[in-house]
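What follows is a short report on a single structure.
Because only heavy atoms are used, hydrogens play no part in the values below, and waters and symmetry mates are left out as well, while side chains stay in.
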Amino acid sequence: MIAIEISDVRKSYGSLAALAGVSLQIKEGEFFALLGPNGAGKTTLISTLAGLTRADSGSLKVMRHDVVSDYREARRALGIVPQEIVFDPFFSVRETLRFQAGYFGIPRSAVLDTWIDELLGNLSLSDKADKNMRQLSGGMKRRVLIAQALVHRPPVIVLDEPTAGVDVELRQTLWAFIRRLNVEGHTILLTTHYLEEAQQLCNRIAMMKAGAIVALDTTDHLLNAFSERVLRVVVNDELPPSLTVKRVKQTGAWHYFSIHDYAEVEALLGEFRQRGVAIQKMEVAEPDLEEVFLKVMNK
C-alpha cells in the first residue's frame, strides 16, 4: 500500500517555482528521507501535504485520502513535527497533549493518559509533565512538538528537521523511539541536514533541488552509484610498480586505492604479502552520503 502519493505537484510564488512538478510515492512502513539545500522546496512540499499550503496543480494523498477533497481523514492519518517551535504558553505539557488529542476527536480517557505517559517517558519528559510550557528549554519544547505529532497515533509521521538544536542524548533517545515506531508499521518521512542520520536510518532517499526531485533511489544504490570505497595504507617499503588495483593518489606516507568491494581489498593485500610489502597502517573509508549529496547538487 502507498502511504504518501504525490503526483505532479506544482506551486509558484510569483515567478518563483517552489515546486516544479514533484511526483513521489512512499510505501507504507518505509523510513524515507527527503533531502535538499535550503530553498529546495522541502518545507513547501510538506506544507502542501499537511494542507497548510494549497498546490497550484497536481494531487497529494495520505493513506489514499486526498489532502483537499478528503482533508479530514488525510490530516487524521498524518503527524507532523515542524521546524519552528510553536507552543501555547498557558498550559502544562500534559494539558497540551490532551488538547492536541482532542483536536482529532480523541476524548480524555485512561487509555489516552496511558499513551501520553508512554510518549513522555520515551521522550524523557516524564518529570516535565506538569510544568508550564513557558518553563521548558528549547530542546524540551521540541520534544513536546514530537509528542504532539504522535499523540493521535498517526500511521504516517513527518519529521521536519526534528533534531535541529537538540543535544546528543535526546537525539539518540528520539531515534530509538522513532525506529521502534517504524518497526511497528509507521511510515516515517524525514527531512534533515544531518546526512549521517539519513544514511543510517532511511531505506530510500529523494533529493530535491530548485523545486524538483533530482535523485531518488535506495540508500545503498545512491551510495554505490555516486560514491566509492577508498582503501588507504601506509607500507614499510615502496609499492610494486604494477598492482591489480590502481593507486589513485599518494599523500605523504598514505597510498590511496579506489575499491568497489572487499574482494578487491583481499586481492590487493594478497599481492602485498606475495611481494614482501608489510602494511603498517590501513583504513577503509565507506561510501558517504554527504559526498553523494554534493555530487548530485553540483551536477
Side-chain angles (χ1 to χ4, degrees), residues 1-84 104 149-150 152 154-162 178 181-182 185-193 195 197-199 201-219 221-222 289 292-293 296-297 299:
M1 182 187 296
I2 303 300
I4 296 175
E5 185 173 3
I6 301 169
S7 302
D8 195 25
V9 171
R10 299 175 184 272
K11 177 66 179 178
S12 295
Y13 297 98
S15 60
L16 173 65
L19 298 174
V22 175
S23 295
L24 179 65
Q25 289 187 343
I26 300 174
K27 296 177 182 177
E28 191 173 356
E30 275 198 278
F31 205 135
F32 191 95
L34 183 64
L35 308 179
N38 293 331
K42 304 185 302 298
T43 299
T44 301
L45 185 61
I46 289 172
S47 298
T48 308
L49 190 67
L52 300 174
T53 300
R54 182 68 65 91
D56 297 334
S57 62
S59 67
L60 304 96
K61 295 180 181 179
V62 181
M63 300 301 289
R64 303 187 306 281
H65 302 292
D66 188 273
V67 302
V68 176
S69 62
D70 195 11
Y71 66 92
R72 291 184 185 275
E73 292 304 318
R75 293 178 192 179
R76 192 184 300 275
L78 193 64
I80 294 185
V81 180
Q83 287 187 42
E84 299 81 9
F104 292 92
L150 300 175
H152 64 291
V156 180
I157 303 166
V158 177
L159 305 170
D160 193 5
E161 300 286 349
I178 296 300
L181 291 174
N182 182 239
H186 291 266
T187 304
I188 313 294
L189 172 58
L190 168 69
T191 77
T192 180
H193 287 297
L195 299 188
E197 291 181 346
Q199 183 171 342
L201 294 165
C202 299
N203 313 113
R204 281 201 304 150
I205 293 172
M207 296 184 184
M208 290 188 69
K209 181 180 179 181
I213 292 178
V214 292
L216 172 61
D217 210 331
T218 65
T219 306
H221 285 173
L222 280 172
L289 188 58
V292 173
F293 180 81
V296 170
M297 291 301 116
K299 282 186 66 176

I'd like to check Glu28 versus Met63 (side-chain heavy atoms, cut-off strictly below 4.5 Å). Are they in contact? yes
Taking the side chain as C-beta and beyond, is there a heavy-atom pair between Ile178 and Ile188 under 4.5 Å? yes
Do we see a donor-acceptor contact under 3.5 Å between the side chains of Asp8 and Ser23? no
Short N-O contact, Arg76 and Glu73, less than 4.0 angstrom: yes
Any side-chain donor near an acceptor of the partner, Thr192 and Glu197, under 3.5 Å: yes
Would Met208 and Val214 count as a side-chain contact (heavy atoms from CB on, under 4.5 Å) here? Give the steps. CA-CA 6 Å; Met208 290 188 69; Val214 292; over 6 Å; no
Hey, are the side chains of Leu78 and Val158 touching, using non-hydrogen atoms and a 4.5 Å cut-off? yes
Is Val62 close to Val67 at the side-chain level, that is, under 4.5 Å between some pair of heavy atoms? yes
Only one of Leu216, Leu289, Val292, Thr218 passes side-chain contact (heavy atoms from CB on, under 4.5 Å) with Ile205, and that residue is Leu289
Look only at the side chain of Lys209 and the backbone of Met297, and say whether a donor-acceptor pair between them is shorter than 3.5 Å. yes
Heavy-atom pair with the smallest gap, counting every atom of Val9 and Ala55: CG1-CB, 3.8 Å
Roughly how far, to the nearest 0.5 Å, is CZ of Phe104 from CZ of Arg75? 9.5 Å
Supply the atom-to-atom distance Leu24 CG to Ser7 OG, rounded to the nearest 0.5 angstrom. 9.5 Å
Salt bridge check: are Lys11 and Asp56 linked by an N-O gap of less than 4.0 Å? yes
Does His186 use its side chain to pair, donor to acceptor, with the backbone of Glu30 at less than 3.5 Å? no
Kindly indicate, with the supporting measurements, whether the criterion side-chain contact (heavy atoms from CB on, under 4.5 Å) is fulfilled by Thr219 and Asn203. CA-CA 6 Å; Thr219 306; Asn203 313 113; 5.6 Å; no
Listing, residues 31-54 side-chain donor-acceptor contacts under 3.5 Å, not counting sequence neighbours, or none:
from, atom 1, to, atom 2, distance (Å)
Asn38, OD1, His193, NE2, 3.1
Lys42, NZ, Gly36, O, 2.9
Lys42, NZ, Pro37, O, 3.2
Thr43, OG1, Gln83, NE2, 3.1
Ser47, OG, Thr43, O, 2.9
Thr48, OG1, Thr44, O, 2.7

Using 0.5 Å steps for rounding, measure from the OG1 atom of Thr191 to the CG atom of Asp160. 3.5 Å
Is the closest side-chain heavy-atom distance between Arg64 and Met1 below 4.5 Å? yes
Does the pair Ile157 and Leu189 meet the rule for a side-chain contact (heavy atoms from CB on, under 4.5 Å), with working shown? CA-CA 6 Å; Ile157 303 166; Leu189 172 58; over 6 Å; no
Check whether any side-chain heavy atom of Ile4 lies under 4.5 Å from a side-chain heavy atom of Val156, and answer yes or no. yes
If every non-hydrogen atom of Ala149 is compared with every non-hydrogen atom of Ile80, which pair is closest and at what distance? CB-O, 3.4 Å
Nearest heavy-atom pair of Gly79 and His152: which atoms, and what distance? CA-CE1, 4.0 Å
